[in-house]
Amino acid sequence: MIELLGSPAPLLALFVGFGVLIGLLFGFFGMGGSFLVTPALLVMGYKTDVAVASGLAFVFATSVIATLKHRDLGQVDYKLGVLMIAGTTAGIEVGKIGLHFLQGMGLADTVVSIIYVGLLGGIGAFITYQATKGDSSGGISHDADAEADAEDIPEIAKKIQSYRVPPMMSLRGGITVSLWMILGVAFVTGLLSGFLGVGGGFIRMPALFYLIGVPVPIAVGTDLFEIVFSGGIGSFLYAMDGAVNLSIVVPLLAGSALGARLGAGATSLVNEDEIKVYFGVMLLLGALAVAVRKVGNVMDIPVLQTVSLVIILGAATLVAGAVVVSSIQALRSEETPTPNPAD
């Protein structure tokens with residue numbers, strides 16, 4: 001059998017295809033990389049440190065690719081990104097302290113799993129409900145330099161924006177928010193991220209929109225910009241220990257280079273409410289997958305680990321397909337000439 005990078009060609013082809021799928025989701029949502037890669041590698045039999053390290057290295061490189069595409073579309077707020085990185089970093093450190101405290105009591109695994117499932121399911125249900133209420137006028141404009149319509153800004157974000165505590169920061173979309181509100185939101189999202197031991201994209205992206213009021217496309221692009229830094233540091237530390245497996249990372253990146261740019265480009269085509277629905281569905285199915293995996297561990301039913309992976313991959317494939325179809329429909333509607341009434 002033909003081998004490349006020390007792995008069979010069919011396995012490398014599988015990783016390339018998987019990379020396209022994950023890259024598309026990553027570029028579209030600003031999350032989904034390690035959420036999918038790490039459990040898949042664990043089920044395939046790779047050691048935990050290799051699975052985590054290779055997944056993190058892949059996420060870092062993919063986030064760079066996706067961020068560059070979002071930058072081209074004007075969907076990255078660098079000022080907001082730097083502020084979020086500062087607040088998130090502090091929150092992660094406090095979250096780790098809490099996690100170590102629970103580990104000392106022997107409760108960490110159970111508590112983290114329950115919170116993780118509850119958080120995924122809760123955020124997923126909230127976003128899906130908000131996006132399907134039917135009271136939206138079509139979503140915030142994808143023009144990053146245009147001012148956001150006040151009717152499209154969530155009520156919670158309006159409340160946070162109303163606290164005029166100096167210094168005030170002007171963000172993309174004509175939004176003005178207190179520096180302390182931004183740092184506070186960043187700290188809380190970092191706290192949850194550090195406590196749960198996850199990248200936190202599924203927490204930060206909705207937080208940027210629902211709490212700060214940033215338009216969804218910019219929230220995705222800015223979240224990816226943050227992941228470039230957090231993923232880069234983590235990847236470097238794992239690489240120093242020799243845990244990054246290039247025979248996994250390289251083919252994944254080959255596929256994701258295409259997928260990430262397609263996904264990022266789709267955010268400028270797909271209706272904003274559709275983005276939120278797809279994101280919510282991903283989180284709901286993710287919560288189900290994590291719950292199934294936890295039940296499998298507690299009851300010692302190995303087959304549930306595979307069922308969990310199938311749910312995650314099935315959800316990813318389903319949502320990625322929906323994103324592609326929506327993008328194609330949007331392109332076709334743009335290309336269809338408007339009928340002339342005089343004809």
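Nothing here was measured: the structure is a model prediction, and the numbers come from that model. Numbers here simply count residues along the sequence, with the first being 1.
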Would you confirm whether T189, through its side chain, and A186, through its main-chain N or O, come within 3.5 Å as a donor-acceptor pair?
-> yes
Drop me the distance from Y210's OH to M205's CE, to the nearest 0.5 angstrom.
-> 8.0 Å
Are V295 and V307 connected in the hydrophobic side-chain network, where two residues link if heavy atoms are under 4.5 Å apart?
-> yes
State, yes or no, whether a side-chain contact exists between L24 and V323 at a heavy-atom distance under 4.5 Å.
-> yes
Spatial distance of atom NE2 (H70) from atom CG (D223) [nearest 0.5 Å] = 9.5 Å
Quick one: which residue pairs count as a salt bridge (Lys or Arg N to Asp or Glu O under 4.0 Å) with a foot in residues 57-80, not counting sequence neighbours?
-> D72-R261
Determine the minimum heavy-atom distance between S327 and A266, stating which atoms define it.
-> OG-CB, 3.3 Å
Name every donor-acceptor pair, under 3.5 Å, that has one atom in a side chain of residues 80-95 and the other anywhere in the protein, sequence neighbours excluded.
residue, atom, partner, partner atom, Å
T88, OG1, M84, O, 2.6
T89, OG1, I85, O, 2.6

For residues S247 and F15, determine if any side-chain heavy atom of one lies less than 4.5 Å from a side-chain heavy atom of the other.
-> no
Any salt bridge (Lys or Arg N to Asp or Glu O under 4.0 Å) involving residues 224-235? Give me the pairs, sequence neighbours left out, ordered by first then second residue.
-> R204-E226
To the nearest 0.5 Å, atom OG of S256 lies from atom CG of L262 at 11.0 Å
Is there a chain of hydrophobic side chains (I, L, V, M, F, W, Y, each step under 4.5 Å between heavy atoms) that links I65 to L224?
-> no
Do V76 and I218 come within less than 4.5 Å of each other through their side chains, counting heavy atoms only?
-> no
Do the side chains of L21 and F58 join up, straight or via other hydrophobic residues, at under 4.5 Å, putting them in one cluster?
-> yes
N/O donor-acceptor pair under 3.5 Å between S178 side chain and V165 backbone = yes
Atom of L253, atom of A61 and distance for their closest heavy-atom approach | CD2-CB, 3.2 Å
Partners meeting side-chain contact (heavy atoms from CB on, under 4.5 Å) with I156 (sequence neighbours left out) = I160, L211
Working to the nearest 0.5 Å, report the span between CG of L318 and CG of L285.
-> 7.5 Å
Y78-T222 side chain donor-acceptor pair, cut-off 3.5 Å | no
Hey, does Q161 have a side-chain heavy atom less than 4.5 Å from the side chain of I175?
-> yes
Among all residues two or more places apart in sequence or in another chain, which pass the ring-ring contact (aromatic ring centres under 6.0 Å, His included) test with F60?
-> none
Which atoms form the tightest heavy-atom contact between G121 and A287, and what is the distance?
-> N-CB, 3.6 Å
Group every Ile, Leu, Val, Met, Phe, Trp and Tyr by side-chain heavy-atom contacts under 4.5 Å, then state whether I311 and L304 land in the same group.
-> yes
Heavy-atom distance under 4.5 Å between the side chains of P206 and F126, does that happen here?
-> no
Do M181 and I212 touch side chain to side chain, with heavy atoms closer than 4.5 Å?
-> no
Using a 4.5 Å cut-off on heavy atoms from C-beta on, say whether the side chain of V214 contacts that of F209.
-> no
Under 3.5 Å donor-acceptor, S333 side chain and A330 backbone | yes
pair M169-V177: side-chain heavy atoms closer than 4.5 Å = no
Rounded to the nearest 0.5 Å, how far does OH of Y278 lie from CG of L283?
-> 15.0 Å
Counting only heavy atoms not in Y163, do more than 12 sit closer than 6.0 Å to its OH atom?
-> no
Gap separating the CD1 atom of I301 from the OG1 atom of T306, nearest 0.5 angstrom | 12.0 Å
Partners passing ring-ring contact (aromatic ring centres under 6.0 Å, His included) against F101 (at least two apart in sequence or in another chain) | none
Any chain of hydrophobic side-chain contacts (each under 4.5 Å) joining V319 to V220?
-> yes
